[in-house]
Amino acid sequence: MALAFDHRKIEAKWQKYWDDHHTFKTNDDSDKPKYYVLDMFPYPSGKGLHVGHPEGYTATDILARMKRMQGFEVLHPIGWDAFGLPAEQYALDTGHDPAQFTEQNIQTFKRQIKSLGFSYDWDREINTTDPDYYKWTQWIFLQLYKKGLAYMAEVPVNWCPALGTVLANEEVIDGKSERGGFPVIRKPMKQWMLKITAYADRLLSDLDELDWPESIKEMQRNWIGRSEGAEVVFQVDGHPGKSVTVFTTRPDTLFGATYMVLAPEHKLVDKIVTAEQRNDVDAYRQEVAAKSDLERTDLNKTKTGAFTGAYALNPVNGRKIPIWIADYVLITYGSGAIMAVPGHDSRDYEFAQKFGLPIIEVVAGGDLSKEAFIGDGKHVNSEFLNGLGKKEAIMKMIAWLEERQVGKRKVTYRLRDWLFSRQRYWGEPIPVIHMEDGSMKPVPEEELPLRLPKTENIRPSGTGESPLANDTDWIHVVDPETGMKGRRETNTMPQWAGSSWYFLRYVDPHNKKQLADPEKLKRWLSVDLYVGGAEHAVLHLLYARFWHKALYDLGVVPTKEPFHKLVNQGMILGSNHEKMSKSKGNVVNPDDIVTSHGADTLRLYEMFMGPIDAAVAWSEKGIDGSRRFLDRIWRLYVDVNGKLSEAISETAVPDTEFEKVYHQTVKKVTEDYEAMHFNTAIAQLMTFINEAYKQEQIPKTMAEGFIQMLSPVAPHIGEEIWSLLGHDQSVEKSAWPSYDVHKLAEKQIEVIVQVNGKIRARLTVDKGTSKEALEKRAMLEAAIAQRLAGKTVKKVVAVPDKLVNIVVR
RNA sequence: GCGGGUGUGGCGGAAUUGGCAGACGCGCUAGAUUUAGGAUCUAGUGUUUUGCAACGUGGGGGUUCGAGUCCCUUCACCCGCACCA
């Protein structure tokens, strides 16, 4: 039996030690520089931890542990994002109480996370379903309400019949619910909205300051979807006082507008439709209403529409143009109406072709018999714009419109207000009372938290009322001041509410009086490093930025942005390179690996698999290899009797080669951890061990330095060997090793000699040997002289410490 | 369709500012040790070739003394958005 360490014993021992000694407790009052490193807190699902979780958690843990050793005061917390649909669905399906079921799941997650040895400050654990926590979620909502950022509106919403609730735009993907993949339909309903659009410009422009992956920033930019253009007002012919406002990015093409299109849901349609067209229009609107979002967009390649019989007057030349309705114009964007310029917009072109509407060229350069011309060119058929390019023409047209008050410059966003209410039980109650007289009254702040009542029937009614509507005791209230009767809001908040500010609560998790002490917020914000999955690109990460900015405006938080640096960990795929799923049978359970190989091995392997942000396939052999490396370290340090090996010696004198490798290792590992290049850092640790095996003796200081560098990745074995090295304090309390630049560099360097770019010889020279000397030495090499014989040297390139390249003919 | 990204051995992946392609690990081969091993140690391992050498970073072209790296073009795959006026 080969020597191997007993991971079960060691891991349990050190986990207990850390707990007993509160090794990772953060001190708010220390003078050290701060480092706030955060994981996206998990949603505690019934399935337990997935191998994807430890990837990001290990990455942040390595940084947290290294930074502590480097003298930082580190805030590294964890908690539970525990409200939300999946647990509730499961509870419904199985007859569980969601509160109980969630608590159970949290215990499972906690046990699993603890078994992996992460250095969280467990005294700061939070839970979004805890009334002491959601008190402040509700408090934030009230502040938004008071600022006019939370309002009720009757809007066409995304209604998901299967889930019995409405969903935000961000939660609908390809016409289906993000959770569960159920169909979603459009339905007008009165709902709570948060005015995220008021922050559209700041959410967009402040992205530039963030150290985030470019792809995530780009997704947010696209989601916000700023576009610049103009609003143009068209009078409706024969209906004095009635007008249609359109938004266009190409006001320069106004002379080419040959018809208008309203969204089928547009309010004006009923007022302007002519008697003879009414049947057509009604039939078309019915047809559209029956279509799902998916059918309206994805599947709909051919244009459809109906003529209203009415005409609008083009403000620029008074020309009468027909008004149509068509579902390629969306009621949710701009003003729900467009001016159609078929010559220079491919959608309008397609529509005009199909319905035989006129096409006029106003920008030269294309071939309108084939397709619309989108590009830039000289304007034609456009009176005062003729001869101008696109940019000047746009400016001139806007000036013209503004002068006559028939239009103006306008910026439009694709971003919609955030639909905030859910007709579900398992969420924070919205703290508002609807009074008898129709007014709304916020629940007084001193009455918060407004607790979610315990109730038997949590099934969504399906009518658009929350299950809370069944709880008559809870619902009915009487205003103590006026005696007026009222009814509580029965909708709850979406899952994204609690996660939009949780990183603030970690800073001061037990504060009874405030969301968090402003002084502490000042000390800890913003988050220095935030790691999590890319699936939250436009959900959590956009909502959290919005709330943070609103709180910034209220003076609650001291920074404009919550997360300075963001990193997305990649997905861990099954060994068949497919996404892990039960049905494919390729799921790896972290518990099994912790039992068979140990937590240190799992952590090491997940960091060694590849770059942190890449999707990499799981490999059985790979995890064996990581375990083998730890065994190899153990055998180097520990003898058969479990004592420190005799090879590790205080008096050993290292040879310069080994010394160099050590200093290189300190340099590379320190830099690579900082840059989150964990796979290459580990490769360097392996190189060091390979070299160490070749030594008769290893100086103790180097042996210690190695363990310090290993311990952020493999903390249990790190602590165990550290104590064998004679330390009675955790390795966490030691100072990070440093390297000596002078010991890194060799005095002698190998320089390659190329002839026509091909390597023909190698020279060993003193470091810093001049170009001229290198050239001379190269020419004298036998192998080189041979190749130069009978040829003409055209050019010699010499780069000191690198190479000599001789070009011959 | 639009936007972003990725293509390197049998596999996961390394390669500052253009300067020895393939670090490290897995797998494989051989040897040592062992009663035995799927344990451990040592050596080897891009392809072709007996060798010299030639070829080699998805394909094609270019810039350069020199290209995985820069430019053009093309193909494949992945992710996001998708009638946004």
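Proteins come first, then strands; the chains are lettered A, B, ... in the order of their sequence lines, and each starts at number 1. Because only heavy atoms are used, hydrogens play no part in the values below, and waters and symmetry mates are left out as well, while side chains stay in.
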remark   = From the candidates rC24(B), rC81(B), rG19(B), the one with an atom nearest any side-chain atom of Asn805(A) is rG19(B)
query = Just to confirm, is there a sub-4.0 Å distance from OP1 or OP2 of rG38(B) to any side-chain nitrogen or oxygen of Arg628(A)?
reply = no
query = Which one, rA14(B), rC24(B), rC81(B), comes nearest to the side chain of Asn679(A)?
reply = rA14(B)
ask   = If you measure from the C1' atom in rC71(B) to the same atom in rU63(B), how many Å do you get, rounded?
value = 7 Å
key: C1'-based separation of rA36(B) from rG46(B) [nearest Å]   = 36 Å
task = State the pairing partner of rG9(B); accept Watson-Crick or G-U wobble contacts with both distances under 3.5 Å, and report none otherwise.
result = none
ask   = Touch check for Gln684(A), heavy atoms < 4.0 angstrom, all strands: base, sugar-phosphate only, or nothing?
value = nothing
inquiry  = Can you tell me which nucleotide in rC20(B), rG3(B), rG27(B) comes closest to the side chain of Ile752(A)?
reply    = rC20(B)
task = Would you please classify the geometry between the Phe5(A) ring and the Trp634(A) ring as parallel, tilted or perpendicular, with 30° and 60° separating the classes?
result = tilted
request  = For Arg760(A), report the nucleic acid contact type (base, sugar-phosphate, nothing); a contact means any heavy atom under 4.0 Å.
outcome  = sugar-phosphate
note = When both distances are under 3.5 Å in a Watson-Crick or G-U wobble arrangement, the nucleotide paired with rC83(B) is none
key: P gap between rG7(B) and rU16(B), integer Å   = 13 Å
inquiry  = Below the 4.0 Å mark, does rC65(B) have OP1 or OP2 next to a side-chain nitrogen or oxygen of Asn756(A)?
reply    = no
ask   = Can you check the Phe5(A) CZ to rU40(B) P distance for me, whole Å?
value = 13 Å
key: Proximal nucleotide (of rA82(B), rA15(B), rG19(B)) relative to the Thr680(A) side chain   = rA15(B)
query = Using a cut-off of 4.0 Å on non-hydrogen atoms, how would the nucleic acid contact of Ser619(A) be classed: base, sugar-phosphate, or nothing?
reply = nothing
request  = Could you tell me whether Arg221(A) and Asp208(A) make a salt bridge, using a distance below 4.0 angstrom between a side-chain N and a carboxylate O?
outcome  = yes
request  = Work out which heavy atom in Ala326(A) is nearest to a heavy atom in Pro264(A); give both atom names and the distance.
outcome  = O-CD, 3.3 Å
Any strand: nucleotide that pairs with rU17(B) via Watson-Crick or wobble, under 3.5 Å = none
key: Base-pairing assignment for rG37(B) (Watson-Crick or G-U wobble, both under 3.5 Å)   = none
ask   = With the threshold set at 4.0 Å, does a side-chain nitrogen-carboxylate oxygen contact exist between Asp631(A) and Arg627(A)?
value = yes
Residue mapping more 5' on RNA chain B - nearest nucleotide basis, Val807(A) or Val616(A) = Val616(A)
message = Would the base of rC20(B) count as contacting Lys802(A) through its side chain, where contact means a donor and an acceptor less than 3.5 Å apart?
response = no
request  = Rounded to the nearest angstrom, tell me the gap between atom CG in Asn222(A) and atom P in rG80(B).
outcome  = 13 Å
query = Can you check the Arg632(A) CZ to rU42(B) C1' distance for me, whole Å?
reply = 11 Å
note = Here the distance between atom C1' of rA85(B) and atom OH of Tyr413(A), to the nearest Å, is 17 Å
request  = Give none if rG68(B) has no partner; otherwise give the nucleotide forming a Watson-Crick or G-U wobble pair with it, both distances under 3.5 Å.
outcome  = none
note = With syn defined as a glycosidic angle within 90 degrees of 0 and anti as anything else, the base of rG59(B) is anti
request  = Could you tell me which nucleotide pairs with rU63(B) by Watson-Crick or G-U wobble geometry, both distances under 3.5 Å, or answer none if nothing does?
outcome  = none
inquiry  = Applying the Watson-Crick and G-U wobble criteria at under 3.5 Å, what pairs with rC52(B)? Answer none if nothing qualifies.
reply    = none
ask   = In Watson-Crick or G-U wobble terms, both distances under 3.5 Å, what is the partner of rC28(B)?
value = rG44(B)
message = Under 3.5 Å, is there a donor on one side chain and an acceptor on the other for Tyr328(A) and Glu350(A)?
response = no
query = Would you say Arg221(A) reaches rC81(B)'s phosphate, i.e. side-chain N/O to OP1/OP2 under 4.0 Å?
reply = no
key: Protein-nucleotide distance (Gln220(A), atom CD; rC81(B), atom P), rounded to Å   = 12 Å
task = Check every atom of rC65(B), rC24(B), rA14(B) against the side chain of Val797(A) and return the nucleotide holding the closest atom.
result = rC65(B)
inquiry  = Students often get this wrong, so: under 4.0 angstrom with heavy atoms, is Ile759(A) touching a base, only sugar-phosphate, or nothing?
reply    = sugar-phosphate
message = I want to verify a distance call: between rG27(B), rG4(B), rA85(B), whose nearest atom is closest to the Lys621(A) side chain?
response = rG27(B)
request  = Answer yes or no: does a side-chain N or O of Asn690(A) lie under 4.0 Å from OP1 or OP2 of rA23(B)?
outcome  = no
key: Any Arg635(A) side-chain N or O less than 4.0 Å from OP1/OP2 of rA39(B)   = no
inquiry  = Distance check needed: rC79(B) P versus His536(A) NE2, whole Å only.
reply    = 18 Å
request  = Look at the side chain of Ala683(A) and decide which nucleotide, out of rA85(B), rA23(B), rC83(B), has an atom nearest to it.
outcome  = rA23(B)
key: Ring geometry between Trp618(A) and Tyr605(A) (parallel below 30°, tilted from 30 to 60°, perpendicular above 60°)   = perpendicular
task = Would you indicate which nucleotide in rG80(B), rA85(B), rG19(B) comes nearest to any side-chain atom of Met219(A)?
result = rG80(B)
task = Using only side-chain N and O atoms of Ser227(A), determine if any of them is under 4.0 Å from OP1 or OP2 of rA85(B).
result = yes
message = Starting the side chain at C-beta, find the nucleotide from rG19(B), rG12(B), rU42(B) nearest to Leu803(A).
response = rG19(B)
request  = Compute the centroid of each ring, for Tyr259(A) and then for Phe351(A), and state whether the two points are separated by less than 6.0 Å.
outcome  = yes
